[in-house]
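We're numbering straight along the sequence, starting at 1.
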Amino acid sequence: MKILIAASNMVHINNFHRPYIEELKKRAAEKENDNIVLRSGDIHKELGLTSRMPTVCAAMRKAMSDGDAILHQTPSGNSSTLLINYSIK
């Protein structure tokens, strides 16, 4: 799934990241996985984004719930290497 967003819509870009993350979690649940590990750089690339890593990282954190864990994070918290383990309930 690739979502291309016009520059004029960048103000609301976070609204597109979170549904994408939720869709990935849903697919993992359908495959009966217990968890899914997502990397911010992969999401950024899959969505065809440029220079939007902070919004991707923010959306990933907002998609977290109890039982989820940040596996890797740089001091800035907004790098392409942010890694989050999402528990599939």
**Message:** Just to verify, what does S80 make a side-chain hydrogen bond (donor to acceptor under 3.5 Å, both in side chains) with, not counting sequence neighbours?
**Reply:** none

**Asked** Listed by chain and number, what are the side-chain hydrogen bond (donor to acceptor under 3.5 Å, both in side chains) partners of Q73, not counting sequence neighbours?
**Response** R61

**Prompt:** Should M60 and M64 count as side-chain neighbours, where that means a heavy-atom distance under 4.5 Å?
**Reply:** no

**Complete:** Between I21 and A63, the two heavy atoms sitting closest are CG2-CB, 3.8 Å

**Asked** Can you name the nearest heavy-atom pair linking G67 to S87, along with the distance?
**Response** O-OG, 2.8 Å

**Item:** E22 and R18: CA distance, side-chain angles, deciding distance, side chain to side chain contact (heavy atoms under 4.5 Å, CB included) verdict
**Value:** CA-CA 6 Å; E22 295 301 331; R18 193 161 176 199; 4.1 Å; yes

**Asked** Which distance, rounded to the nearest 0.5 Å, do you find between the CD1 of I70 and the SG of C57?
**Response** 9.5 Å

**Message:** A side-chain contact here means heavy atoms from C-beta on lying under 4.5 Å apart; do L24 and Y86 qualify?
**Reply:** no

**Prompt:** When rounded to the nearest 0.5 angstrom, what is the spacing between CG in L47 and OG1 in T55?
**Reply:** 9.5 Å

**Prompt:** Among all residues two or more places apart in sequence or in another chain, which pass the side-chain contact (heavy atoms from CB on, under 4.5 Å) test with T81?
**Reply:** H72, T74, S79

**Request:** Check whether I43 and L71 end up in the same hydrophobic cluster, where Ile, Leu, Val, Met, Phe, Trp and Tyr are linked by side-chain heavy atoms less than 4.5 Å apart.
**Result:** no

**Fill in**
Heavy-atom closest pair (K25 atom, D68 atom, distance to 0.1 Å) is NZ-OD2, 4.5 Å

Which donor-acceptor pairs under 3.5 Å do side chains of residues 31-38 form with protein atoms, sequence neighbours excluded?
residue, atom, partner, partner atom, Å
N35, ND2, N85, OD1, 2.5

**Request:** For S51, check side-chain contact (heavy atoms from CB on, under 4.5 Å) against everything at least two apart and list the hits.
**Result:** none

**Item:** Side-chain heavy-atom pair L82, M53 within 4.5 angstrom cut-off
**Value:** no

**Message:** Quick check on the hydrophobic clustering: are Y20 and L83 connected, directly or via other members, by side-chain heavy-atom contacts under 4.5 Å?
**Reply:** no

